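Right, one structure below, let's go through it.
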Amino acid sequence: MTGRGPNMRRALFASLIVVALFSNLACSRRQNRGDEWVQSKPVAREAEPVRNWLQSIKARDVELFKTVFSNNLLGHFERQGWGRMLGVYTNLWTEKLGDFDIDEITFEFAPFEGTNTGLVTVIRSEKRYPPINVIFEEGSWKVNEL
């Protein structure tokens with residue numbers, strides 16, 4: 001039995017690593033002062049597109065903004081212009097949230113049972129904002145509303 005002890009510990013450790021890698025939490029990036037990127041607090045994968053949406057607004061990052069929306073919205077955004085749409089949403093979210101730090105915000109996900117969709121609610125200082133539709137497509141979650 002003593003020979004199995006180290007192997008069992010290694011197997012347990014490897015299992016924990018796999019669970020951590022495939023858990024339902026994901027860290028998002030946010031831009032710190034200058035060009036340095038740092039990890040921000042973890043959020044559920046389903047809420048990550050909403051978080052990235054707010055991060056793209058805060059950092060004025062059009063490339064990150066482009067990764068947020070579902071396929072059925074991409075044509076509309078391309079016709080309107082990505083920079084213009086980022087500006088529109090910057091105004092809307094700044095009106096709601098004011099000057100915010102992304103780590104002050106929490107996100108709750110409520111799935112629609114039996115579907116690959118759900119709602120993400122943005123919460124700041126105990127104030128809840130109207131939920132945002134999200135959809136799982138092509139291996140990741142995306143915002144699915146204008």
Side-chain angles (χ1 to χ4, degrees), residues 7-146:
N7 289 338
M8 297 268 298
R9 281 192 294 270
R10 279 193 282 270
L12 179 59
F13 180 73
S15 297
L16 290 173
I17 296 295
V18 169
V19 167
L21 289 173
F22 291 103
S23 71
N24 201 28
L25 295 178
C27 290
S28 297
R29 299 181 323 158
R30 72 176 177 138
Q31 194 166 14
N32 204 8
R33 293 180 177 90
D35 291 333
E36 179 184 343
W37 284 91
V38 295
Q39 288 296 107
S40 56
K41 70 180 181 180
V43 298
R45 291 203 185 279
E46 298 90 348
E48 191 148 85
V50 178
R51 181 185 184 97
N52 288 345
W53 191 9
L54 295 177
Q55 286 181 169
S56 68
I57 288 166
K58 194 70 178 163
R60 307 245 191 267
D61 185 340
V62 174
E63 293 308 309
L64 181 59
F65 185 73
K66 287 179 180 181
T67 69
V68 167
F69 299 95
S70 66
N71 287 334
N72 65 339
L73 300 175
L74 296 180
H76 172 74
F77 281 76
E78 287 175 15
R79 283 188 301 279
Q80 296 298 316
W82 287 102
R84 180 177 180 275
M85 293 306 296
L86 178 60
V88 166
Y89 282 118
T90 297
N91 289 337
L92 290 173
W93 279 108
T94 302
E95 219 174 87
K96 288 181 183 182
L97 298 172
D99 184 24
F100 64 93
D101 183 311
I102 198 70
D103 286 331
E104 297 172 341
I105 297 171
T106 56
F107 304 87
E108 287 181 359
F109 175 70
F112 293 134
E113 293 301 318
T115 71
N116 61 345
T117 62
L119 296 172
V120 173
T121 301
V122 174
I123 305 161
R124 181 176 185 219
S125 301
E126 298 183 25
K127 181 172 180 172
R128 302 171 75 81
Y129 295 90
I132 298 161
N133 289 307
V134 293
I135 186 169
F136 188 76
E137 64 180 22
E138 298 177 7
S140 63
W141 287 90
K142 303 288 183 171
V143 171
N144 195 36
E145 65 177 40
L146 291 174

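All values reported here derive from a predicted model rather than from experimental measurement.
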Please step through side chain to side chain contact (heavy atoms under 4.5 Å, CB included) for the pair Q80 and V88, ending with a clear verdict. CA-CA 10 Å; Q80 296 298 316; V88 166; over 6 Å; no
Can you see whether E137 engages N144 through a side-chain donor-acceptor pair at a distance of less than 3.5 angstrom? no
Walk me through whether F77 and V68 qualify under side chain to side chain contact (heavy atoms under 4.5 Å, CB included). CA-CA 11 Å; F77 281 76; V68 167; over 6 Å; no
Please report the closest heavy-atom contact between V43 and R51, naming both atoms and the distance. CG1-NH1, 3.1 Å
Can you tell if the side chain of N71 reaches within under 4.5 Å of the side chain of E138, non-hydrogen atoms only? yes
S70 to I135 - nearest heavy-atom pair and separation: CB-CG2, 3.8 Å
Taking the side chain as everything from C-beta on, heavy atoms only, tell me whether F136 gets closer than 4.5 Å to T115. no
Tell me, with the steps shown, if Q55 and D61 meet side chain to side chain contact (heavy atoms under 4.5 Å, CB included). CA-CA 8 Å; Q55 286 181 169; D61 185 340; over 6 Å; no
For V143 versus I132, what's the shortest heavy-atom pair and its separation? CG1-CG2, 3.9 Å
Yes or no on side chain to side chain contact (heavy atoms under 4.5 Å, CB included) for Y129 and L97, after CA distance, side-chain angles and deciding distance? CA-CA 9 Å; Y129 295 90; L97 298 172; 3.4 Å; yes
When the ring planes of F69 and W82 are compared, do they come out parallel, tilted or perpendicular, using 30° and 60° as the limits? tilted
Would you indicate whether the side-chain heavy atoms of I123 and F107 approach each other to under 4.5 Å? no
